[in-house]
Each structure stands twice: as C-alpha cells, then as structure tokens.
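Structure record follows, encoded as structure tokens.
Just so we're clear, the structure is a prediction, and the values are computed from it rather than from any experiment. What you see below is based on every heavy atom in this structure, not just the backbone, and it leaves out hydrogens, waters and symmetry mates.
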Amino acid sequence: MTKNKVRKIKRKAKRKTNKYYDYNLLAAVIILLCFGLVMLYSASAYESVTKFHNDLFYFRKQAIISVAAIALALFVSFIDYHWYMKLSGFLYLLGFFLMALVLSPLGVEAYGARRWLKIGVQFQPSEVAKIGVILFLPYVILKMGKKVQTLKGEMFILFLGAVQAVAAWKFTDNLSTAIIIFLIACVIVFLADPKSIWMVVTAGICLIIGIGAVFWLKDHLYVLETENGFRLNRIYEWLQGGSYQVLQGLYAIGSGGILGKGLGNSTQKISTIPEAQNDMIFSIICEELGVFGAVLLLLMFGYLLYRLFFIAQNAPDLYGSLVVSGIFGHIAIQVILNLLVVLNIIPTTGITLPFVSYGGTSVLFLMAEVGIALGVARQITFKNEETTERSEKESAKNVLTNS
C-alpha cells in the first residue's frame with residue numbers, strides 16, 4: 001500500500017512537469033491564418049472569376065494548405081527539439097542542394113522568375129534553406145562554446161549564413177530571400193553574444209551610407225537608366241515616386257480611411273493592383289478595413305512575436321532559445337520588409353506577408369517553424385512547477401521513511 005502511494009506521487013509530479021503547452025501561440029497563428037483566408041478571398045475573388053471562372057480558386061487552395069499546415073505544426077510540436085541538432089547539418093546542406101537544383105530541368109519558372117522546384121510537388125527550396133539556417137547556426141554556436149564570443153567566431157557564423165544567402169541569390173535569383181536569410185543569421189549571432197557592439201555599429205554605418213546613396217542617386221538617376229537589370233529598374237521607379245503597383249496600393253490605403261470601405265468593397269483590387277492577393281494584400285486590408293483593420297492585424301502579429309519572445313526567454317537551454325529567436329527574427333523581418341514595400345519606404349522586393357498572403361510553400365514552412373517553437377515551449381518548466389515537484393518528491397521520501 002505504501003509503495004503504491006509513492007508511485008502515485010511520482011506519476012503526479014511527472015505529469016505536472018510536462019503539462020505546459022503554449023496554446024496562446026497556437027491560437028494566435030490560427031487566428032492569423034483565418035484572418036488571412038478571409039482577406040485572401042476578398043482580394044482574389046475577382047481575379048479568380050476572370051481567370052479561372054471560380055471565385056474560390058485561390059481561397060480553396062490556400063484553405064486546404066492551411067489546414068495541412070496546422071496539422072503539420074501540431075505534429076512537429078510533439079517532437080523533441082534536441083533531435084534537430086543531429087538533423088540540422090543535413091537540412092543546411094539540403095537547402096543549398098535544392099536551391100542549386102533550380103538551375104536544372106527540375107526548376108520551374110513562374111511570375112517571370114525561376115525560383116520553384118518541382119519534385120512531385122512544387123515548392124520554393126529557399127524556404128528549406130531558411131529552416132536549415134535557423135536550426136544549424138545555433139548548433140554550431142553550441143559546438144564553438146566561448147569561441148563564438150570572439151570576432152573570428154562571430155564572422156564564421158555569419159559566413160555560414162552568407163553562404164546560404166548567396167546561394168538563394170545566385171541559384172534562385174531571389175535577392176529579397178537572400179537578405180532575409182542573412183538577417184536571420186545576424187539576429188542569431190547578436191543574441192548569442194549581445195555584447196558584440198560592432199554589429200550595431202556596422203548596421204548604423206551601413207544605414208548612413210544607404211541614406212547617403214539614396215540622396216545621391218536622386219540627383220543622378222541616369223546611373224540607373226538601363227534596360228537590363230530589373231532590380232535597378234525597381235530602384236529607379238522607387239526614386240521617382242514608386243512603381244505602378246505600389247502607387248495603386250498607396251491609393252488603396254489612402255481611400256480606406258479610419259474604418260475602411262467595408263469587407264469586399266475594395267475597388268483597387270479589380271484589375272488595378274496586379275496579384276493583389278500576394279505581397280500587396282496589406283493595401284487591400286487597409287482599403288476595406290481602414291486604419292482599424294491595419295492596427296488590428298499589427299496587434300495580432302505583435303502578440304504572435306511576444307509569444308515567441310516568451311518561449312525564447314524561458315527555453316530550457318541555449319539551443320532552444322536561439323532556435324526560437326531565429327524563428328522570431330524570420331517572421332519579424334518578413335513582416336517589416338513587406339510593410340516597408342507596401343508603404344513605398346523601400347523598393348519593391350516581392351516579400352509576402354506571413355500567414356496572410358497567398359502562397360502554399362510559405363504557409364507550410366512557417367507553420368513548421370511554429371511547430372518547432374511549440375516543441376521548445378513544451379519543455380519549459382516553471383519555478384512553481386519545480387517547487388511542486390520537489391515538495392512531492394520530499395513527500396514520497398517521508399512516506400518511505402515513515403513506513
């Protein structure tokens with residue numbers, strides 16, 4: 001009888017330490033996905049009818065992928081994230097290899113760019129590279145130990161990130177994704193050694209040089225006048241006030257006002273903004289839901305990032321903390337860059353708005369990252385739980401002693 005009591009107490013203690021699951025993060029992502037589906041239908045219904053004679057064409061595809069993505073996130077969340085340490089090097093090399101395959105006959109061109117790979121299913125291999133960087137760089141940092149807090153160590157980690165970034169640029173001709181990959185590496189390195197002030201100083205110098213270059217180019221636009229190089233043309237259009245797509249997006253934002261025209265009442269989406277359901281969907285949100293809808297969306301993103309920050313702060317070890325920080329950096333960087341493009345603050349880059357814009361590959365891999373973050377959260381043990389476990393173990397010892 002006494003031994004049975006001891007077993008019950010131990011089982012109870014074990015259950016309490018494994019009880020935590022970040023339902024808040026899961027709920028925030030599902031709400032964002034649902035919001036994105038509603039806005040996707042609103043933004044794409046007209047184009048779906050004119051192109052495919054079916055107003056649900058884009059919506060149905062995105063809805064199916066979103067459901068599959070949620071299931072994937074839930075599955076990944078129950079995997080011990082320490083297992084990724086063994087797999088991270090393979091994923092890093094796999095991302096590089098798959099991006100190189102884009103140059104082969106397996107590569108697929110769409111929307112004027114060759115960035116997709118078709119191996120049974122069509123996807124963007126650069127998304128695999130992002131996850132590879134997020135999982136592999138923290139593993140290398142752990143292996144390096146204190147050496148990572150030296151300039152040589154930090155440069156080595158940044159070099160590993162730069163390799164994937166250059167591969168994304170050269171193999172898939174996707175400079176915006178290359179920038180995101182390198183910035184993710186910068187976030188991970190900075191958080192591994194917050195005392196690395198040189199990174200902040202370097203970023204400040206680059207910003208000053210960039211602002212100076214913009215003012216100089218405004219007075220020397222002939223430098224960018226070329227028929228070759230669409231990126232130079234984008235910068236040229238931006239310096240002249242913005243491209244046609246961005247200007248129409250700004251008109252949509254301005255016409256929305258405080259409360260917007262009402263859901264489904266956008267006029268700019270009717271063949272005025274090309275591919276409105278993709279990277280320009282934020283302008284449709286502003287037109288239909290106004291400033292209120294835009295602020296609501298930003299608050300949802302803010303809460304999602306707060307939950308990721310919470311998990312990173314309370315992760316059981318450095319690897320989990322850095323991995324979730326990389327996921328935090330990826331989502332935050334992509335949201336910021338998309339909004340900067342839509343508001344015409346930077347040249348057009350083609351970066352989608354996470355969980356909201358149309359794109360199956362993006363949603364699947366982003367939800368896989370959320371699943372990894374949930375997996376880290378599952379192993380968080382709070383102080384009150386540790387105290388409870390310790391007291392219950394002491395109770396078990398007392399039972400044995402009294403017996």
*Take Val133 and Leu91 through the side chain to side chain contact (heavy atoms under 4.5 Å, CB included) test and state the conclusion after the steps.*
CA-CA 8 Å; Val133 167; Leu91 285 174; over 6 Å; no
*Minimum heavy-atom separation for Ala373 to Val324, with atom names?*
CA-CG2, 4.2 Å
*Is the number of heavy atoms from other residues, nucleotides or ligands under 6.0 Å of Tyr306 OH greater than 12?*
no
*Anything under 30° is parallel, anything over 60° is perpendicular, the rest tilted; go ahead and classify Phe59 against Tyr41.*
perpendicular
*In sequence, state the C-alpha distance, the side-chain angles, and the governing distance for Gln379 and Asp317, and then conclude on side chain to side chain donor-acceptor pair (under 3.5 Å).*
CA-CA 10 Å; Gln379 299 199 29; Asp317 51 38; over 6 Å; no
*asked:* If we ignore hydrogens and angles and just use 3.5 Å, is the side chain of Tyr46 paired with the main-chain N or O of Asp55 as donor and acceptor?
replied: no
_Residue list, ring pair (Phe, Tyr, Trp, His ring centres under 6.0 Å) with Phe171, at least two apart or on another chain_ = Phe96
*Do the non-hydrogen side-chain atoms of Lys152 and Met155 ever get within less than 4.5 Å of each other?*
no
*Which pair of non-hydrogen atoms, one from Gly371 and one from Val76, has the smallest distance, and what is that distance?*
C-CG1, 3.7 Å
*Look up atom CZ in Phe52 and atom OG in Ser44, then write down how far apart they are to the nearest 0.5 Å.*
10.0 Å
*Glu127 side chain to Leu364 main-chain N or O, any donor-acceptor pair under 3.5 Å?*
no
*Give a yes or no on whether the backbone of Met280 and the side-chain of Ser283 come within a donor-acceptor separation of less than 3.5 Å.*
yes
*asked:* Minimum heavy-atom separation for Met39 and Leu263, please, with both atom names.
replied: SD-CD1, 3.7 Å
*asked:* A side-chain contact here means heavy atoms from C-beta on lying under 4.5 Å apart; do Leu366 and His330 qualify?
replied: yes
*To the nearest 0.5 Å, what is the distance between CE (Met367) and OG (Ser77)?*
9.5 Å
*Does some side-chain heavy atom of Gln124 sit less than 4.5 Å from a side-chain heavy atom of Thr172?*
no
*Does a sphere of radius 6.0 Å around OH in Tyr303 hold more than 12 heavy atoms from other residues, nucleotides or ligands, not counting ones at 6.0 Å or beyond?*
yes
_Test: side chain to side chain donor-acceptor pair (under 3.5 Å). Region: residues 131-146. Which pairs qualify, not counting sequence neighbours?_
none
*Angle class for the Tyr358/Tyr58 ring planes (parallel below 30°, perpendicular above 60°, tilted otherwise)?*
perpendicular
*How about Leu297 and Leu32: do any of their side-chain heavy atoms sit closer than 4.5 Å?*
yes
*When rounded to the nearest 0.5 angstrom, what distance separates CG in Leu160 from CD1 in Ile181?*
13.0 Å
*Sort out for me which residue in Glu287, Gln277, Lys269 forms a side-chain hydrogen bond (donor to acceptor under 3.5 Å, both in side chains) with Ser42.*
Lys269
*Under-4.0 Å salt bridge between Arg307 and Asp22*: yes
*Would you check, one step at a time, whether the test side chain to side chain contact (heavy atoms under 4.5 Å, CB included) holds for Ile327 with Val370?*
CA-CA 8 Å; Ile327 296 169; Val370 170; 5.6 Å; no
*asked:* One pair to check against side chain to side chain contact (heavy atoms under 4.5 Å, CB included): Leu304 and Phe355. What are the steps and the verdict?
replied: CA-CA 11 Å; Leu304 169 64; Phe355 308 108; 3.7 Å; yes
_Ile311 vs Phe328 side-chain heavy atoms within contact, under 4.5 Å_ = no
*Distance from Asn338 atom CG to Leu353 atom CG, nearest 0.5 Å?*
4.5 Å
_Determine whether a donor-acceptor pair (N or O, by modelled atom type, separation under 3.5 Å) exists between the side chain of Asn344 and the backbone of Leu250._
no
_Phe78 and Tyr21: CA distance, side-chain angles, deciding distance, ring-ring contact (aromatic ring centres under 6.0 Å, His included) verdict_ = CA-CA 10 Å; Phe78 286 96; Tyr21 194 91; 5.8 Å; yes
_Ignoring hydrogens, what is the shortest heavy-atom contact between Met99 and Ala129? Give both atom names and the distance._
CE-CB, 3.6 Å
*If you look at every heavy atom in Leu33 and Ile70, which pair is closest and at what distance?*
CD1-CG1, 3.8 Å
*Which heavy atom in Val187 sits nearest to a heavy atom in Ser325, and how many Å separate them?*
CG1-O, 4.0 Å
*To the nearest 0.5 Å, tell me how far Leu296 CG sits from Phe35 CZ.*
6.0 Å
*asked:* Run the side chain to side chain donor-acceptor pair (under 3.5 Å) test on Thr267 and Lys261 for me, step by step, so that the C-alpha distance in whole Å, both residues' side-chain angles and the decisive distance to 0.1 Å come before the verdict.
replied: CA-CA 9 Å; Thr267 55; Lys261 297 178 178 178; 3.3 Å; yes
_Please report the interatomic distance OG1(Thr348) to CG(Leu340), rounded to the nearest 0.5 Å._
12.0 Å
*asked:* Measuring only between side-chain heavy atoms, which start at C-beta, is Val323 closer than 4.5 Å to Tyr84?
replied: no
*Gln248 vs Gln268, side chain to side chain donor-acceptor pair (under 3.5 Å): CA-CA, chis, key distance, verdict*: CA-CA 7 Å; Gln248 295 303 320; Gln268 295 298 111; 2.8 Å; yes
_Can a donor-acceptor pair be found, under 3.5 Å and without considering hydrogens, that links the side chain of Thr352 to the backbone of Pro354?_
no
_Leu37 side chain near Ser66 side chain, heavy-atom distance below 4.5 Å_ = yes
*Give a yes or no on whether Phe156 atom CZ has more than 12 heavy-atom contacts from other residues, nucleotides or ligands under 6.0 Å away.*
no
_If we ignore hydrogens and angles and just use 3.5 Å, is the side chain of Ser88 paired with the main-chain N or O of Met85 as donor and acceptor?_
yes
*Compare all side-chain heavy atoms of Leu101 with those of Ser104 and state whether any distance is below 4.5 angstrom.*
yes
*asked:* One pair to check against side chain to side chain contact (heavy atoms under 4.5 Å, CB included): Leu298 and Leu339. What are the steps and the verdict?
replied: CA-CA 10 Å; Leu298 293 180; Leu339 297 184; 3.5 Å; yes
*Polar side-chain atom of Ser321 near backbone of Leu318 as donor-acceptor pair, under 3.5 Å*: no
